[in-house]
Structure formats: structure tokens, C-alpha cells
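What follows is a single structure, written as C-alpha cells, with notes after it.
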There are 2 protein chains.
Amino acid sequence: MDSKKNEIIEKAGSVFMKYGIKSVTMDDIARELIISKKTLYQYFEDKNDLVIEIIKNKTLSDKCICDDTSKNAKNAIEELFEVSKYVSQMMSGIHPSIFFDLKKFHPEAWKIIYNHKWDFVYQLILQNIERGISEGLYRNDVHKEIVAFFYVSTTDLIADSDFLYKNKFTSDEIFKENILFHLHGLMNEKGKEIFNQII
Amino acid sequence: MDSKKNEIIEKAGSVFMKYGIKSVTMDDIARELIISKKTLYQYFEDKNDLVIEIIKNKTLSDKCICDDTSKNAKNAIEELFEVSKYVSQMMSGIHPSIFFDLKKFHPEAWKIIYNHKWDFVYQLILQNIERGISEGLYRNDVHKEIVAFFYVSTTDLIADSDFLYKNKFTSDEIFKENILFHLHGLMNEKGKEIFNQII
DNA sequence: ATTTTTGGAAACATTTTTTGTTTTTTTTGT
DNA sequence: ACAAAAAAAACAAAAAATGTTTCCAAAAAT
């Protein structure tokens, strides 16, 4: 891909994440990137196209990071812990208004995120559970599809919950607790010993 | 003030803070509050009026909390520490897109915040410095106007800085460091001893 | 040095979205 | 049963943004 186009995708992504997708106009993007709107439209058909490209770029990047993290993990626990840490940190940095705007004004881009979660992340958790059971670190009576469903669903709940706005916790703290809770639900005794060496 | 009106102000404020001021329409507000738009317009002239009332309510509430905090503080250091803790926590919870939207679409409400900072908060810091000097806890060669200016300015910088988006710190962490830095810039030796008893 | 091409800035016409208002329907209170 | 109030739906107007075109300046090519 054209490196100029890629630079626009990265930078525009940052501006949208910071100030909101609906609120930030193509005029604002051009101004922030110090290019003219005409130049911007040479690379992207319209605003929706730009937003979709940004989301595609982001989900692809997430996949790569998660794949690397999985490969480098010594066992299922470390894999789940490190992947979850990455996902949590990333989600903590995304304000709920971003998802609100995507859903309302860019349904196609929203669909990409939705599919990313239910295809990629869900599968990743499923495979992690299989790995954990075969490594003898997870309880072998775990119903893996339900747990994977629970994992993906609670990530959404936390990101959009009013709980944050009514209490003094940061989303970071809540995500952290969620990781711990989830891991403790999966591990057997042997797994817990391994886990205590990681922390 | 009418308690129904106040309830709308509180709840609408929460919705705007969560999903963005520009993005959230009056239709959305009515839906979230489970009232009709017609009812909403019985209490507020227009969207701008609602936004202004929300901001007024918020800055007034901030004033009360800061006043209480100041009154209850045993000395200037505790006062500044507790007020700063409150301000930091509050600012950490506000996404930059909120300020972006206020500035762009509701300049009158933006002005209220701006004045709140440069009238109320600035004066509060000035008075705290005077208090600290007269209590013998701050260095008495502090140039109080410049320090107060610096305090108010860095709060803005942190809230809007790209630094957050490029690094792993949370705004919470950065605000915390800022409080410590600021206090250490003000205190004399006696003050530092008092401070170490608070932490 | 001159000409051509490219990109920026500004202006513009069109589209989209939201606003604020009005009408219709439903619910509530007496 | 009737009147009043609130909700839901429809509506006209306004505002904002989009995407396109024009004009101009700067950069590149000759």
C-alpha cells in the first residue's frame, strides 16, 4: 500500500479517536494532517471509506499483535494473560463515543469490528482454552464455547458500562479485575501455580 | 430549581459526557431519559440552553466541592493536595472530544468553563499560595501569579495532550505526577515534613 | 527562463442531519 | 366521560458537512 495513504490512515485515526468521528469533519482532518481536502479525496472516496480503512487497519494490526503474543507465550495461561492485557489496555483507551459514532454513522465499519470480535477474538479464546486443557493447566470440564462467549461479551459490557461513570474505578482497573476473574475461572490447581509465577 | 429540570440536567449531562455532545441529538436525549422531545423543550429553550445549564451546574458543583475541601483542610498543603486530587480525577474522566465539541459548537458554554478556570481555580491557587506562605509551609519567594498560571495551564495541557495517546500512561498517572511536581515546587523544608505525613 | 503539473485554499452546490415545531395519538387524572 | 398532559410521529426549516470545482501559488519538468 501507498505509504502516503497509510500515513493518512494512521494520523486520521488518531484524530478521530481523540476528538470523535462525527465531530471531526474532513476539513478538520485535512487541517490536522496539513494537506488539502482535495489531496485527501485523491486517496479516499469519501469519509466513510476513510473510516472503514482506519478500522480495517486497526483490526489487522490487532490480529498481528495477538498472533505474535500467542506465538511467544510459553503456555495457555501466559497467552491468555498477555493477550488480555493487550486487549484491555487498548479498549481502555477507546471512549464510548467512538463506538456510538461508528454504530450510528458508519455501520459498515461497525460491522468489521463486530466480526473481528466474534470471528477472530472468539476463536482465539476457544483455541486458548483447548490449549490450556491439553497442557493440563485448565479444568477439563470447561464448556469452552460458553466461556469464550462470556469473555467477548464482558469486554463489551465493560467498555460501555455506566458503572464507570458512577464510581471511582478506571476502565483499566475493571478490565484488570476481569482478566483475573476469567483466568481463575479457567485454571486448575496446577495452572494456578504457574500463574502465580507469572504475576 | 424544579427537581424535574434538575434531573434532566444531571442525566443529560451523563449521556453527553459518555457519547459526545455533537453526536448525541435531542432525540437521543429524550429517548435515554424516557421522555418526549416536547417535554424536553418545555424545560429548555434549545440544545444550546441545555448544554449551558449542564455546564453551569457542573462548574457550580465543582466550586462547592472545592470550597468544602478547602474549609476542611488543616493547612495549605493538604488543601492543595486534596483539591488537586479532586480536579485531577474529574479531568481524567473527561474525554478530549467533549472540550472539542464545546469549543466548536457551544462557545458560550465553553466560555463558562474558561472563566471558571481563570476566575475560580486561578484565584483558589493564588489564595492557597498566600495561605501556605503565611503558614510558613511554602517558600516565601514564590512568584504566586506565575505559579498559579502554570498550575491552571498544565491542567489544560495534560487533558489535551497527544502524549497520552502515544504512551502507556493513563491521564490519572500524569495528573498525579503533576500534583507532586507542583507541590514540591512550592514547599519549603517544613512543608515537606508535613507533606510526608499526609501521603 | 518558461511551461506544465500538482497541491493548497477558497468557494460552491448538494446532501445529510439535526433542530425546533406542530399534529396526532395515547395516557393520565378527575 | 371528558379534559389535560405527555408521548410518538410527522414536518418544515436551519445548520452543518460533504464532496466538487475553481482559482492561485508553488514545485517540477523541460
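Labels below follow one simple rule: chain letters A, B, ... track the order of the sequence lines, proteins then strands, and each chain is numbered from 1.
Among the atoms of the strands shown, only primed sugar atoms or phosphate atoms (P, OP1, OP2) are found under 4.0 Å from some heavy atom of B:Ile34.
One interatomic measurement links the two molecules: CG of A:Asp46 to P of C:dT17, which rounds to 12 Å at whole-angstrom precision. Between the C1' atom of C:dT18 and the CE atom of B:Met26 lies a distance of 11 Å, rounded to the nearest Å. If you take CD of B:Gln42 and P of C:dT22, they are 14 Å apart, rounded to a whole angstrom. Spacing between atom CG of B:Asn48 and atom P of D:dA15 amounts to 12 Å, rounded to whole angstrom units. Taking atom CD of B:Glu45 as the reference point, atom P of C:dG20 lies 9 Å away to the nearest angstrom. The distance from atom NZ of A:Lys38 to atom P of C:dA9 is 12 Å, rounded to the nearest whole Å. When the C1' atom of C:dG8 is taken as reference, atom CD1 of A:Ile29 falls 17 Å away, rounded to whole Å. Distance B:Tyr43 OH to C:dG20 C1': 18 Å, rounded to the nearest Å.
Partner assigned to C:dT30 is D:dA1, using Watson-Crick or G-U wobble distances below 3.5 angstrom.
A sub-4.0 Å separation between OP1 or OP2 of D:dA16 and a side-chain N or O of A:Thr25 is absent. Using a 4.0 Å cut-off, no side-chain N or O of B:Thr39 falls inside it from OP1 or OP2 of D:dA5. Of the side-chain N and O atoms in B:Lys47, one or more sit less than 4.0 angstrom from OP1 or OP2 of C:dT19.
Taking 3.5 Å as the limit, the base of C:dG8 and the side chain of A:Lys37 contain no donor-acceptor pair of atoms between them.
In the model, B:Glu79 has a side-chain atom that pairs as donor or acceptor with a side-chain atom of B:Ser70 under 3.5 Å.
Of the two residues contacting DNA chain C, namely A:Leu40 and A:Lys22, the nearest-nucleotide position lying further toward the 5' end is that of A:Leu40.
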